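What you see is a predicted model; the values in this text were computed from it and never measured. Heavy atoms only: backbone and side chains are in, while hydrogens, waters and symmetry mates are out. Numbers restart at 1 for each chain; the letters A, B, ... are given by sequence-line order, proteins then strands.
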Amino acid sequence: MTSADTTADDQSERYDPHTIERRWQRVWADEGTWEVANPGQPGFDAEDPKAYVLEMLPYPSGEPHMGHLKVYSVGDAIAHFRRRHGHNVVHPMGYDAFGLPAENNAIKTGEHPRTATEKSIAAFREQFKSWGISIDWTREIGTHDPDYYRWTQWIFLKLYEQGLAYRTEAHVNWCPKDATVLANEQVIDGHCERCGTLVEQRRLEQWFFKITDYADRLLEDAAELDWPENVLTMQRNWIGRSEGAEVVFSCEQPALEFPVFTTRPETLFGATFFVLSPEHPEIERIAAGTGQEDAVRDYVNEAARSTSEERGAEDRPKTGVPLGREVVNPVNGERIPMFVADYVLMEYGTGAIMAVPAHDERDHEFAETYDLPIRRVIEGDELPYAGDGAMVNSGRFDGKDNREAYTEIVAWLESEGRGKPAINYRLRDWLVSRQRYWGAPIPFVYCDKDGIVPVPADQLPVLLPEIEDYAPKGKSPLAAAEDWVNTECPVCGGPARRETDTMDTFVDSSWYFLRYLDPGNEELPWAREVADYWMPVDQYIGGVEHAILHLMYARFFTKALADMGLLAAQEPFANLFTQGMITRDGAKMSKSKGNVVSPAEYVERYGADAARTYICFMAPPVKGGDWSDEGAEGVFRFLARVWRLSREVAERCGSSAGAETPDGASGEARELLAKAHWAIDKVTRDIDPRFQFNTAVSAVMELVNDVYRLKDGLYDDPAGSAAVRFATATAASLLFPFAPHLGSEVYEQLTGERVWEQPWPKADPALLEHDTYTLIVQVNGKLRDRIEVATSASEEEILELARGSEKVGAHLDGGEVVKEVVVPGKLVNIVVR
RNA sequence: GCCGGAGUGGAGGAACGGCAGACUCGCGGCACUCAAAAUGCCGUGCCCUUCGGGGCGUGUGGGUUCGAAUCCCACCUCCGGCACCA
């Protein structure tokens with residue numbers, strides 16, 4: 001179309017999302033429509049039930065992408081839905097503003113991470129507002145704000161008081177490119193989660209949070225959560241609880257005891273050798289004086305050099321070196337040789353294992369390689385055999401079932417003081433130190449006299465110093481800020497040095513949902529009565545990529561904070577919804593593939609309502625969805641169709657106040673009202689328990705299609721006209737959670753009312769019932785006829801009608817009727833032979 | 001290897017064990033128009049058809065059932081998670 005074709009008059013007749021969207025956004029901003037009061041504040045209504053609707057907070061980098069549009073579109077629909085069900089809804093927004101990308105940018109360009117971050121925040125905020133998301137903006141936070149990280153530091157100190165934060169030297173994952181340590185959770189296949197660089201092992205003094213103390217509670221309480229099963233499974237696997245026994249092997253020369261963890265204590269008689277991890281602290285002592293010193297040292301050094309990926313490689317042959325010593329098997333006094341081998345990990349169990357080659361695949365492989373004895377102790381398939389069976393070669397346990405032997409052997413070990421039942425976890429403590437600039441400083445100082453000293457709470461926040469050079473040098477860039485580093489000890493007043501590491505940004509996001517509730521509180525991170533009113537989050541929405549990291553850390557924090565008496569909630573997120581990823585041409589959107597669709601571009605072209613509604617319509621939100629420009633445009637056309645309908649209906653039917661279901665309709669008017677109530681019922685059920693927004697939107701499309709189909713025959717009759725107006729207003733009302741601007745516009749046009757102030761419509765059961773229905777008639781399970789029958793018809797009557805059908809008769813074909821199945825309200829199936 | 005999830009038209013996707021393919025896109029047709037766009041309406045799984053209808057169809061092969069996309073078993077493919085955790 002050329003501009004010459006467009007007259008001024010045409011313009012006013014065209015659906016113009018920008019005008020409509022700006023108009024309503026201004027109303028909501030001016031009136032503070034989405035602001036909600038806390039307990040004790042004016043306007044707070046204790047009578048209403050509460051709902052905390054929360055999407056995962058965004059990391060502000062550049063501009064929002066489609067994933068953001070999706071998560072906030074989904075969350076906003078829920079927030080609107082709950083509000084119109086009479087809930088006090090808190091729906092806040094903030095920014096996970098510390099982190100590496102801003103800092104890496106600073107290294108490249110010299111731009112302060114704060115400047116870049118705040119630029120991004122401004123862009124995010126502006127776009128979120130242009131999307132019309134119903135956020136209470138008075139609660140906005142940024143985790144990089146000293147008013148926020150002051151409390152992150154405060155919580156760190158609280159954890160320290162409780163013994164849940166500690167500093168120790170440990171083998172840690174080190175990313176040479178980012179020049180920082182990483183948590184186990186941030187190492188993917190031996191590579192840095194962020195930059196993909198191969199991770200190295202280093203031994204460093206680091207801060208940890210003792211999440212392992214909560215392993216059992218994190219595991220048990222997961223059962224109570226209304227979360228997707230796959231997320232719960234991932235968390236269970238990550239915690240990796242295994243039950244077994246600790247068994248003590250002793251070494252005579254040098255005199256040492258070696259506890260090992262095993263899940264198969266009943267195979268103890270099959271232990272034919274013993275293996276230590278290369279990182280085991282006693283290695284050198286054991287090998288000393290055996291003539292194996294050099295070989296062992298070489299092996300240990302080699303293991304230290306190799307990366308965790310090399311060591312973890314799938315088909316890597318087992319290697320090891322004899323230590324030249326023996327340990328004694330406590331069940332039979334047998335001496336078995338000791339080895340050092342890198343298939344034993346120092347981080348799990350005790351860093352030592354008893355090797356049972358007959359019943360463990362790895363031990364078997366090692367025994368084959370080094371020609372070590374293999375002794376079967378459980379009958380069964382070929383070796384290595386990991387199943388159950390009767391015990392053999394196990395002294396007085398022979399012939400017993402292995403499960404039974406398990407219990408008896410553990411009991412016997414315990415009575416002898418050589419073992420006990422034990423539980424091991426895969427979960428490790430959370431390493432939180434980062435040798436980077438752009439994060440919350442860890443609030444401690446080191447004093448020669450007083451050691452590790454927490455910064456007193458009244459001296460918080462420990463502000464990030466301004467520095468010149470952000471480039472990592474193997475220690476934190478903060479170390480260069482001499483004036484800042486050198487301080488005085490809070491205990492003795494003597495000279496002391498500040499901790500120069502900053503916190504993992506997952507610490508920031510482990511409690512943000514609490515700060516939203518009381519963001520202005522200067523005395524405490526939140527007032528307990530406020531948190532206890534709102535918590536837990538009733539509906540949390542975000543990507544499944546945070547199934548382990550963020551969601552586990554936030555659960556841990558919540559439990560720890562509850563244990564300190566700061567909170568009643570034991571779990572942060574009662575319900576979790578994980579949205580699927582939006583792809584383009586079947587592939588993840590990425591700059592390198594050049595298939596990125598930016599929300600801003602689309603919103604500019606078709607409006608926020610169309611963008612949001614399309615996101616909800618393209619696929620069930622839990623699944624991914626492939627972005628198609630044509631499909632998106634189709635939704636825009638649908639919204640325009642609604643808008644045009646609304647103009648026409650307002651003109652033809654008038655815009656009387658309210659949207660009550662008109663009484664006394666019959667014929668097509670009644671049919672339309674019934675359709676409207678069907679849509680109410682369908683949309684309501686699709687939104688709430690099902691999160692099937694795509695079928696909810698399609699139900700509204702069906703309703704609108706029916707209005708178009710029937711309207712011309714109804715305008716002239718008052719009852720018909722009322723039905724058309726009601727159906728159209730209902731469509732707007734049901735569309736509102738997805739397309740809030742257009743929903744508001746149309747609803748106001750037809751009723752004079754504000755849709756968000758109206759309760760969510762309720763389907764009238766009387767209108768969901770029909771006088772007749774289409775009976776399906778099958779012969780041998782195949783559809784042969786459809787008959788319109790009265791809803792009131794009895795089974796006998798239905799059967800009579802079915803038998804009487806000509807089409808059915810043609811298929812009975814003289815066969816013998818052996819069975820007739822009648823499902824009233826649905827179908828008849830006649831079985832012939 | 002282990003643990004999840006998913007395979008339905010040309011595409012995205014619908015379908016409490018009971019009409020397979022709602023809704024949308026795309027495509028075809030009609031109306032409006034000088035014409036086009038926009039809009040409105042109709043059609044659109046595949047094959048056969050005497051136009052009444054008939055056959056086949058939800059990854060593959062079996063099974064349960066009056067009846068299976070849906071439940072069960074085996075297999076294939078794809079996606080996600082974990083992976084030397086003793």
TODO: When you get a sec, tell me which of B:rC56, B:rG26, B:rC82 is the closest nucleotide to the side chain of A:Glu630?
DONE: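 So the side chain of A:Glu630 is nearest to B:rG26.
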Task: Nucleotide nearest A:Ile548 (side chain, heavy atoms from C-beta), chosen from B:rG81, B:rC41, B:rU39 - done: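 The answer is B:rG81, which lies nearest to the side chain.
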Once you apply a heavy-atom cut-off of 4.0 Å, does [X] come out as touching a base, just sugar-phosphate, or nothing?
X        : value
A:Gln778 : base
A:Asn829 : base
A:Asp363 : nothing
A:Ser628 : nothing

- [ ] Please indicate whether A:Glu257 has more than 12 foreign heavy atoms, meaning atoms of other residues, nucleotides or ligands, lying under 6.0 Å from its CD.
- [x]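 More than 12 heavy atoms, drawn from other residues, nucleotides or ligands, come within 6.0 Å of this atom.
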- [ ] Take A:Lys623 and A:Thr774, find for each the nucleotide of RNA chain B with the closest heavy atom, and name the residue whose nucleotide sits nearer the 5' end.
- [x]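 Its nearest nucleotide lies further toward 5', so the answer is A:Lys623.
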TODO: Write down the partner of B:rG43 under the Watson-Crick or G-U wobble criteria, each distance required to be under 3.5 Å.
DONE: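 When the pairing criteria are applied, B:rC27 turns out to be the nucleotide that pairs with B:rG43.
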Open item on the list: What I want to find out is whether A:Glu347 reaches A:Arg426 closely enough, with some N-O distance under 4.0 Å, to be called a salt bridge.
Closed with: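 No, no charged N to carboxylate O under 4.0 Å.
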TODO: Respond yes when some side-chain nitrogen or oxygen of A:Arg637 is under 4.0 Å from OP1 or OP2 of B:rC23, and no when none is.
DONE: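 For B:rC23, neither OP1 nor OP2 has a side-chain N or O of A:Arg637 closer than 4.0 Å.
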- [ ] Taking syn as within 90° of 0 and anti otherwise, name the glycosidic form of B:rG63.
- [x]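 For B:rG63, whose glycosidic angle is more than 90° from 0, the conformation is anti.
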- [ ] Compute whether any side-chain donor of one residue and acceptor of the other, for A:Thr319 and A:Tyr343, lie under 3.5 angstrom apart.
- [x]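 The answer is no; no qualifying pair exists.
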- [ ] Establish, from distance only, whether the side-chain atoms of A:Arg685 and A:Gln692 form a donor-acceptor pair under 3.5 Å.
- [x]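 Per modelled atom types, A:Arg685 and A:Gln692 side chains form no pair under 3.5 Å.
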